[in-house]
Undergrad: 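Sharing a structure, written as structure tokens. Questions coming.
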Amino acid sequence: MLNNIRPRSYAVNGLRMLAVAGAYFAAAKVGLAQELVGGQVTPLWPPTGIALACLLLMGIRVWPGITLGAFLVNLMLGPSLLAVAAISVGNTFAPVCAYLLLVRARFCIELDRLRDALALVFLGALTAMLISSTVGSGVLLLAGALRSGDFWPTWSVWWTGDAMGVLVVTPILLVLRTSRTPWDARLSRWGEAVALAVGTLLVTVMATVSSINLLFLVFPFLIWAALRFQLAGAAACALIVSTVAIVAAAQGSGPFAEHGLFLNMVTLQAFNGAASLTALLLAAIIAERNQAHERLEHICARLTEVADRVDRERTAAQRLPPEPEVRRESG
């Protein structure tokens with residue numbers, strides 16, 4: 001029996017690795033559709049977010065799938081086979097390092113605590129993604145595919161693209177894994193959710209086609225999403241906002257029309273980063289507040305039960321007849 005279980009387990013792990021590689025490759029094709037620098041550097045790299053989410057949900061064993069997906073993607077873009085292999089290693093080690101840092105920080109995939117949101121932002125996105133950007137840019141420089149003067153601009157775009165992949169894509173996948181569709185919700189609740197999604201899309205489109213910089217108008221909708229729908233609403237609205245902004249930057253429309261590529265990249269990354277940070281942190285704070293409120297209600301209910309029980313016992317004791325006094329006779 002044990003001999004039959006082991007091959008089955010290996011087969012399941014192999015299928016998971018292939019699924020991760022396929023998801024990584026497909027997400028890379030989507031990300032490359034909006035490239036802004038050199039045909040391969042994008043302001044949002046979804047494969048990194050997918051890789052980290054797969055590690056959090058399936059465990060460290062699926063890392064070969066990340067390597068395979070990264071190798072296949074870079075094989076179409078890299079200057080040489082050795083450079084492709086080195087970049088693939090960096091693209092694998094970055095999400096693996098992010099996973100290990102989050103595990104060390106006792107990260108919870110529900111993202112219902114402020115410490116979880118902070119860990120995802122500062123450990124998973126901003127810190128761990130330094131690895132992939134440094135390895136990738138360094139390999140391109142050593143391979144002669146990148147001039148020395150272009151190292152830091154490429155490094156910064158690579159880093160922010162990977163970080164945005166974690167900030168935008170990973171929360172969505174974690175929400176899909178942990179959330180359940182509230183079919184029993186009131187019709188007004190569904191109407192509010194639809195109004196929020198449509199309003200976020202329309203306002204973001206208007207802000208990105210207007211010649212006036214109106215990008216700040218999306219933040220009330222992100223706050224609305226976090227206050228009313230916590231992580232599910234905040235992550236979905238952040239994805240809508242970032243996607244529309246990236247398309248506008250790639251087309252050079254609205255606030256991205258009158259500036260150079262580097263300044264547009266800085267503006268785009270600052271906006272996307274601020275939007276994701278606002279949505280995730282506020283959603284985590286609201287979730288923590290709701291949990292504290294539920295704990296207080298539970299404690300109050302328990303205290304009320306104890307007080308009622310003590311009151312009933314005291315009343316029952318008062319209703320009992322007094323014990324007769326025993327008179328002792330002196331002998």
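What you are looking at is a predicted structure, and each value in this text was computed from that prediction instead of being measured.
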Undergrad: Could you check if a side-chain atom of Asp112 sits within less than 4.5 angstrom of a side-chain atom of Leu231, using non-hydrogen atoms only?
TA: no

Undergrad: Identify whether Val96 and Val166 are in the same connected component of the hydrophobic contact network (ILVMFWY, side-chain heavy atoms under 4.5 Å).
TA: yes

Undergrad: Rounded to the nearest 0.5 Å, what's the gap from CG on Leu44 to CG on Leu239? Could you check?
TA: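 Taking CG in Leu44 and CG in Leu239, the distance rounds to 8.0 Å.
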
Undergrad: Give the intermediate values and the outcome of side-chain contact (heavy atoms from CB on, under 4.5 Å) for residues Ile109 and Leu57.
TA: CA-CA 8 Å; Ile109 62 175; Leu57 297 175; 4.0 Å; yes

Undergrad: I'd like to check Arg104 versus Leu100 (side-chain heavy atoms, cut-off strictly below 4.5 Å). Are they in contact?
TA: no

Undergrad: Can you give me the closest heavy-atom contact between Phe151 and Ser137, atom names plus distance?
TA: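 Closest heavy-atom pair between Phe151 and Ser137: CE1-CB, 3.5 Å.
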
Undergrad: What's the verdict on side-chain contact (heavy atoms from CB on, under 4.5 Å) for Trp158 and Leu140, showing C-alpha distance, side-chain angles and the deciding distance?
TA: CA-CA 12 Å; Trp158 198 313; Leu140 291 179; 3.7 Å; yes

Undergrad: Show your reasoning for whether side-chain contact (heavy atoms from CB on, under 4.5 Å) applies to Leu217 and Met206.
TA: CA-CA 9 Å; Leu217 292 179; Met206 181 190 69; 3.7 Å; yes

Undergrad: Does any pair with a residue in residues 215-239 pass salt bridge (Lys or Arg N to Asp or Glu O under 4.0 Å), and if so which ones, sequence neighbours excluded?
TA: Glu192-Arg228

Undergrad: Are any non-hydrogen side-chain atoms of Leu196 and Thr200 less than 4.5 angstrom apart?
TA: yes

Undergrad: Can you confirm whether Leu81 sits close enough to Leu75 that some side-chain heavy atom of one is under 4.5 Å from a side-chain heavy atom of the other?
TA: yes

Undergrad: Decide whether Asn91 and Ser132 meet the rule of one side-chain donor and one side-chain acceptor closer than 3.5 Å.
TA: no

Undergrad: Which heavy-atom pair separates Met17 from Arg61 by the least distance, and what is that distance?
TA: CE-O, 3.1 Å

Undergrad: Hey, quick one: are Trp224 and Leu214 part of the same hydrophobic cluster, counting side-chain heavy atoms closer than 4.5 Å, chains of contacts allowed?
TA: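 Same hydrophobic cluster.
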
Undergrad: Minimum heavy-atom separation for Leu102 and Gly124, please, with both atom names.
TA: CD2-N, 4.3 Å

Undergrad: Counting only N and O atoms by type, is there a donor-acceptor contact under 3.5 Å from the side chain of Thr170 to the main-chain atoms of Leu167?
TA: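 Pair absent, no side-chain N/O of Thr170 close to backbone of Leu167.
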
Undergrad: So, the side chain of Ser210 versus the backbone of Ala207: is there a donor-acceptor pair under 3.5 Å, distance only?
TA: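 No, because the side chain of Ser210 does not come within donor-acceptor range (under 3.5 Å) of the backbone of Ala207.
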
Undergrad: Give me the ring orientation class for Trp159 and Trp155: parallel if the planes are under 30° apart, tilted from 30 to 60°, perpendicular past 60°.
TA: parallel

Undergrad: Roughly how far apart are Leu118 CG and Arg115 CZ, rounded to 0.5 Å?
TA: 10.0 Å

Undergrad: Quick check for you: to the nearest 0.5 Å, what is the distance between Ile131 atom CD1 and Thr92 atom OG1?
TA: 11.0 Å

Undergrad: Rounded to the nearest 0.5 Å, how far apart are CG of Leu227 and CZ of Arg289?
TA: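 It is 7.5 Å, given to the nearest 0.5 Å.
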
Undergrad: Quick one: is the NZ or CZ of Arg189 closer than 6.0 Å to the six-membered ring centre of Phe229, and within 45° of its axis?
TA: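 Ring-cation test returns yes.
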
Undergrad: Can you tell me how far apart SG (Cys97) and CG (Leu55) are? Round to the nearest 0.5 Å.
TA: 11.5 Å

Undergrad: Tell me, do Leu120 and Leu52 make a side-chain contact under 4.5 Å, heavy atoms counted?
TA: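 SC-SC contact between Leu120 and Leu52 confirmed.
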
Undergrad: Would you please test Asn290 and Gln230 for side-chain contact (heavy atoms from CB on, under 4.5 Å) and show each step?
TA: CA-CA 10 Å; Asn290 293 340; Gln230 282 77 60; 3.7 Å; yes

Undergrad: Examine Leu130 and Val121 and state if one hydrophobic cluster contains both, with Ile, Leu, Val, Met, Phe, Trp and Tyr joined whenever side-chain heavy atoms are less than 4.5 Å apart.
TA: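 Shared cluster, yes.
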
Undergrad: For the residue pair Val135 and Phe93, establish whether any side-chain heavy-atom pair is separated by less than 4.5 Å.
TA: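 No, their side chains stay 4.5 Å or more apart.
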
Undergrad: Under 4.5 Å between any side-chain heavy atoms of Met58 and Asn13, yes or no?
TA: no

Undergrad: Against Val139, only a single residue in Ile87, Val84, Asn74 fulfils side chain to side chain contact (heavy atoms under 4.5 Å, CB included); can you say which?
TA: Ile87

Undergrad: Please name the pair of heavy atoms, one in Met129 and one in Ala98, separated by the smallest distance, quoted to 0.1 Å.
TA: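 Closest heavy-atom pair between Met129 and Ala98: CE-CB, 4.2 Å.
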
Undergrad: For residues Ser276 and Val168, report the shortest heavy-atom separation together with the two atoms involved.
TA: OG-CG2, 3.6 Å

Undergrad: Between Phe219 and Thr278, which heavy-atom pair has the shortest distance, and what is it?
TA: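 Nearest pair, atom of Phe219 first, then Thr278: CE2-OG1, 3.8 Å.
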
Undergrad: Give, for atom OG1 of Thr267 and atom CG of Asn213, the distance between the pair rounded to the nearest 0.5 Å.
TA: 7.5 Å

Undergrad: Under 3.5 Å, is there a donor on one side chain and an acceptor on the other for His298 and Glu294?
TA: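 No, no side-chain donor-acceptor contact under 3.5 Å.
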
Undergrad: Could you check whether any side-chain heavy atom of Val169 comes within less than 4.5 Å of a side-chain heavy atom of Ile50, counting everything from C-beta outward?
TA: yes

Undergrad: Linking I/L/V/M/F/W/Y whenever their side-chain heavy atoms sit closer than 4.5 Å, directly or via other members, would Val62 and Leu56 fall into one cluster?
TA: yes

Undergrad: Would a hydrophobic clustering, with Ile, Leu, Val, Met, Phe, Trp and Tyr connected at side-chain separations under 4.5 Å, put Val20 with Val73?
TA: yes

Undergrad: For atom CZ of Phe122, decide whether the heavy atoms of other residues, nucleotides or ligands shown that lie under 6.0 angstrom number more than 12.
TA: no

